[in-house]
Visitor: 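For reference, the structure I am asking about is given below.
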Amino acid sequence: MQASGCCLVFFLLFSSSLVSFSFALSGVEVSNIARRQLLTFRDRDGNLPDYYEYTVYVPFTFPNSRLRKAYISLQALKNSIFSDPFNTTGNWVGENVCAYTGVFCAPALDDESLNVVAGLDINHADIAGHLPAELGLLGDLALFHINSNRFCGIIPKSFSKLRLLYELDVSNNRFVGPFPDVVLDIPELTYLDLRYNDFEGSLPPALFNKKLDALFLNDNRFTGTIPENLGIRPRSLITFANNKFSGCIPSSIGKMTDLNEIIFLNNAFSGCLPPEIGLLKNVTVLDLGSNSMTGILPNSLLSLTTVV
Ligand SMILES: *[C@@H]1O[C@H](CO)[C@@H](O)[C@H](O)[C@H]1NC(C)=O
Ligand SMILES: *[C@@H]1O[C@H](CO)[C@@H](O)[C@H](O)[C@H]1NC(C)=O
C-alpha cells in the first residue's frame, strides 16, 4: 500500500510538470513524452487511478471518449510487448483502433450509438510481454483472449474495472504468483481459463461462489485442498488436472447436477471419494486418474471414468 502511494505521488509530480512545460514543446515532442509516460506508469499490483485517462496526452480526436480510452489502453499494451514474431500488433498505429488486428468493435450495450471495443483476441500470436494496468480502461470489453502467447507477470488489479467482461482466457502463457484474486471482482465473468501457466498456492473459496460456467485451472502449480463450497453453484466444466491439489474431494460436488465434465487427473488427492459423486447424472467425463483416492464409484459412472 505504501509503495503504491509513493508511486502515485511521483506520477502526479511527473504529470503536472508535463502540463506546465507542454506549451513550449512541439506536437511530436509531446507525443514522445506521452509515450514515455505510458511506458513509465507502473504500479506493482497493476492498479490504475480513476483519473488516469485525463493525464495522458493523445495526439488524435476520436468519435467518442471510450475509443480514446481504448487507444490509450492498446498503445500501453503494445508498449509492453518485447517480442511480436508474427507482427500481430504491427498495424496498431493511429486512431482507428477498431481496425487493429485482434480488436473487435461493436455498439455499446448501454448506448447503441457508440461504437466501442468489445473484444480483444490475440490467441496464438506468440507475443512476449506483460499486461499493463491501462487495460482497465477497456470498460466495454466482453471478451479478452490471449491464449498461447508468452505474457508474463501478473493479471493487473485494474481488471476489476472490466465490468462487462464474461470471457477471460489467459491460458498457455507465463503468468506467475498466487491465484489472481482480481478475477473475483469481475462481476460478469462466466468463462475463466487459467490453464498452462505458473500460478501457485491455494484456491480462494470465493472462486466457487462466482457464477462461472467453465473453470480451467489445469497445468499450474496450485496446492492445498479443494474448497468445501466446490458445488455451491451450477457449472458445465471444471478441470483441476496436473496440479498438486491434495485431500478429499468435497461432498458438495454432488450438487452440480448439470455438470458435464470434471477432471481431477494427476494431483495428490489422497482422501476419500464422496458417495455424492453418484449424483452427477449428466457428467460425460470424470477423470480421477493418477491420484490415490479411496472409495467406491457408483456403477452409473464406471463407464466414463478413469480411476486409480
Ligand atoms: C509489421 O506490420 C506493419 C503494418 O502492417 C508493417 O508496416 C511493417 O513493415 C511490418 N513489420 C515487419 C517486420 O514485417
Ligand atoms: C441432462 O442432460 C439431458 C440431455 O442432454 C438434458 O435434457 C437435461 O436437462 C440435463 N439435466 C440436467 C439436470 O442438466
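Just follow the structure's listing: the first ligand is 1, and inside any ligand the first atom is 1.
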Visitor: Return yes when atom OH of Tyr191 has more than 12 non-hydrogen atoms of other residues, nucleotides or ligands closer than 6.0 Å, and no otherwise.
Guide: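 Check passes, neighbour count above 12.
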Visitor: Can you establish whether the number of heavy atoms outside Asn87 located under 6.0 Å from its atom CG is more than 12?
Guide: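 Check passes, neighbour count above 12.
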Visitor: Please report which non-hydrogen protein atom sits nearest to atom 5 (O) of ligand 1, along with the residue it belongs to and the distance in Å to one decimal place.
Guide: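 For this ligand atom, the closest protein heavy atom is Asn91 CB, 4.2 Å.
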Visitor: Could you tell me whether atom 9 (O) of ligand 1 has a protein heavy atom closer than 4.0 Å?
Guide: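 Neighbour list for atom 9 (O) of ligand 1 is empty of protein heavy atoms (cut-off 4.0 Å).
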Visitor: Examine Asn87 against ligand 1 and note whether any of their N/O atoms are separated by less than 3.5 Å.
Guide: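 Yes; the residue has a nitrogen or oxygen that sits under 3.5 Å from a nitrogen or oxygen of the ligand.
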Visitor: Check this for me: Arg221, atom CZ, are more than 12 non-hydrogen atoms of other residues, nucleotides or ligands nearer than 6.0 Å?
Guide: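 Open.
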Visitor: Quick one: list whatever passes salt bridge (Lys or Arg N to Asp or Glu O under 4.0 Å) with Lys211, sequence neighbours left out.
Guide: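 Residues passing salt bridge (Lys or Arg N to Asp or Glu O under 4.0 Å) with Lys211: Glu188.
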